[in-house]
Chemist: 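Sharing a structure below in structure tokens format, with a few things to ask.
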Amino acid sequence: IDDVGHKYHLELVLEDVLDKDSTVNCTAEVLYHLGNKNIAPAVQFTIEGELKNTDEADNIFYSRIKSLEKELVAENIPDSHGSVSPEMEPIRLLAQVASGYVIWQNSTENTKFQLAQIKHVKQVKRSDDCLEFDYMILLHEMVSQEIIPWQMTVLWHPQHGVQVTQDSCQPKHALE
Amino acid sequence: HQVLRIKTRNEEEVQKLQLLESLEHLELDFWINPSTPALPVDVRIPANSVQAVKAFLESHGIAYSILIEDLQVVLDKEKQDMAYSQQRDRSSNSFNYGTYHSLDSIYAELDHLASEYSNIVSKLQIGESYEKRPLYVLKFSTGGSNRPAIWIDAGIHSREWVTQASAIWIAKKIASDYGKDPSLTSLLNKMDVFLLTVSNPDGYVFTHTTNRMWRKTRSKNQGSRCVGVDPNRNWDAGFGGPGASNNPCSDSYRGPSANSEVEVKSVVNFIKNHGNIRAFLTLHSYSQLLMYPYGYKCTEPADYAELDALGRAAAGSIQSLYGTTFTVGSICTTI
């Protein structure tokens with residue numbers, strides 16, 4: 001679109017990562033802005049049908065974290081061999097969702113990001129009902145092949161969903 | 001979910017349990033149905049109904065014990081055990097092909113394979129890495145002299161661990177399937193296979209000791225703090241072109257000049273000296289892509305039609321095993 005950018009019309013199928021047989025059709029429009037690469041691409045989408053209800057699993061996870069005596073701390077999820085312990089699965093899934101937001105905000109037509117690993121995660125005490133986690137994640141960018149450390153603060157509540165309240169790209173040597 | 005074992009003492013108690021069975025909203029799953037007082041009754045109870053059921057049993061004085069406190073824990077452990085034993089099934093003697101290994105462990109297994117299958121497997125050294133680690137190639141051959149050959153390498157990018165692991169498994173399969181699998185047997189009767197299981201041993205060791213995400217070689221770059229060259233941008237084909245960086249700190253740094261990396265030069269020398277290599281395969285992860293030239297330009301190679309047909313046939317074969325899908329195409333159009 002002259003003077004505006006590139007618009008893509010997409011028809012895609014969403015697949016539940018926890019249940020490969022559960023799929024949902026989706027149509028979307030993505031607009032990459034010309035010029036200013038600091039604006040996230042504009043996205044509009046419609047989903048055919050409903051997403052699965054996850055209340056039971058959400059509440060179990062929520063209760064478990066709420067009942068911990070000390071704030072949760074963990075690192076290297078998955079580990080070098082690709083393993084994730086069952087207790088850390090929800091922590092990883094939460095990071096997957098939150099990193100989706102970070103990736104969206106930082107994507108251009110020439111990037112392809114994937115969450116590679118959670119380097120470190122620390123729960124932050126809160127006075128309200130929400131759970132807060134401070135993550136240091138590694139994003140893999142396919143085109144440049146770079147591994148980019150990224151810090152993100154994630155808020156979550158079973159009824160209120162996920163929110164990334166703060167995120168920032170970290171210098172590469174934060175790794176070594 | 002809990003599983004309870006209920007000991008009924010008489011017909012009356014059995015009937016009470018049958019009443020419980022009829023209450024559908026409790027969603028009880030009887031593993032052993034109430035039928036006679038002689039047999040225990042085992043029932044799986046969803047979390048929401050546990051309290052109600054226990055209250056019912058206690059108020060009627062019916063004895064029960066907890067068989068399984070939390071069924072999910074049992075299922076999770078079973079899943080872990082199954083994964084573990086699937087790994088063990090793939091192991092022979094002391095080498096577990098179903099798990100990742102250190103460089104030393106892989107190198108030891110190369111020797112083991114060369115000795116166990118000495119009639120068709122031999123180990124060659126084609127050079128040394130920057131940090132002076134040997135570069136070992138396994139040669140699979142049933143004889144002849146300089147037969148047409150297939151080259152396979154893995155681990156050129158050290159963090160792509162599944163490739164080195166796949167390579168050593170491929171070695172095992174080729175060696176053990178010769179004489180059993182018809183197509184492999186006929187292949188080896190006419191052609192040789194050369195397999196470089198760890199193309200970048202310095203990088204591989206670094207991923208174990210220091211940085212799991214290391215990709216490049218470990219060579220020092222003059223005038224820069226940053227270490228390493230992307231060996232897969234160091235070839236003398238379209239060197240310095242698109243897809244490579246001239247920044248030593250980049251993970252796709254092409255290096256000061258083509259073949260500057262000893263790991264790459266060693267492979268080039270081997271291939272050129274052999275003179276009869278007919279196919280060159282290189283393993284990378286991740287993405288499940290099966291690709292042919294070119295990457296640095298978008299023109300079709302001369303044998304495009306054959307390469308594409310071969311790629312599609314291979315992808316079809318791979319899919320037939322476990323349903324794994326690979327996308328086929330040229331590097332330019334696929335990546």
Side-chain angles (χ1 to χ4, degrees), chain A residues 13 15 18-21 23 53 55-64 67 75-90 92 109-120 136-150 170-176, chain B residues 1 46-48 70 72-80 83-84 87 96 98-102 157-162 165 204 206-216 225-228 230-233 242-245 247 249-254 284-287 289 323 325 334-335:
Chain A
V13 178
E15 183 188 80
L18 299 177
D19 178 11
K20 303 278 172 190
D21 295 328
T23 60
N53 182 296
D55 288 351
E56 190 178 339
D58 287 348
N59 288 326
I60 291 173
F61 173 58
Y62 183 75
S63 312
R64 176 161 75 84
S67 65
E75 51 182 28
N76 291 336
I77 302 166
D79 66 16
S80 282
H81 289 227
S83 304
V84 179
S85 67
E87 312 86 65
M88 288 302 144
E89 248 315 285
R92 186 186 70 83
E109 282 164 288
N110 299 312
T111 59
K112 184 172 172 186
F113 289 100
Q114 288 277 137
L115 172 64
Q117 191 187 36
I118 299 167
K119 211 57 199 141
H120 194 264
M136 178 67 77
I137 57 173
L138 296 181
L139 290 179
H140 174 226
E141 203 288 290
M142 194 65 94
V143 179
S144 63
Q145 283 294 321
E146 296 296 333
I147 299 285
I148 309 166
W150 210 288
Q170 302 295 304
K172 206 169 153 186
H173 54 74
L175 269 181
E176 287 175 40
Chain B
H1 295 219
N48 293 340
D70 182 346
Q72 191 58 54
V73 170
V74 174
L75 293 176
D76 287 343
K77 172 135 196 341
E78 182 186 53
K79 207 163 132 183
Q80 273 186 2
Y84 177 68
Q87 278 185 13
N96 181 351
T99 187
Y100 296 118
H101 285 270
S102 68
H157 291 140
S158 42
R159 66 186 178 211
E160 297 167 6
W161 279 15
V162 73
Y204 191 58
F206 198 72
T207 59
H208 282 270
T209 58
T210 314
N211 182 353
R212 174 63 178 82
M213 300 293 177
W214 191 258
R215 167 184 164 91
K216 303 188 285 184
R225 291 174 302 113
C226 293
V227 174
D230 184 342
N232 206 31
R233 302 287 185 278
S245 167
N247 179 350
C249 298
S250 164
D251 253 348
S252 54
Y253 175 50
R254 71 208 189 197
H284 290 261
S285 69
Y286 52 94
S287 295
L289 306 173
T325 53
T334 312
I335 293 198

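First the proteins, then the strands, lettered A, B, ... as listed; each starts at 1.
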Chemist: Apply side chain to side chain donor-acceptor pair (under 3.5 Å) to Asn76(A) and list each qualifying residue two or more places apart in sequence or on a separate chain.
Modeler: Lys119(A)
Chemist: Can you tell me which portion of Ser144(A) sits under 4.5 Å from chain B's heavy atoms? Options are side chain, backbone, both or neither.
Modeler: backbone
Chemist: Using non-hydrogen atoms only, which part of Thr99(B) is less than 4.5 Å away from chain A: side chain, backbone, both, or neither?
Modeler: side chain
Chemist: Does any heavy atom of chain A fall under 4.5 Å from the side chain of Gln72(B), the backbone, both, or neither of them?
Modeler: neither
Chemist: Tell me, do Tyr204(B) and Trp161(B) make a side-chain contact under 4.5 Å, heavy atoms counted?
Modeler: yes
Chemist: Ignoring hydrogens, what is the shortest heavy-atom contact between Arg64(A) and Glu87(A)? Give both atom names and the distance.
Modeler: NH2-O, 2.7 Å
Chemist: Identify, with sequence neighbours excluded, every residue that meets side chain to side chain donor-acceptor pair (under 3.5 Å) alongside Arg92(A).
Modeler: Glu89(A), Gln96(A)
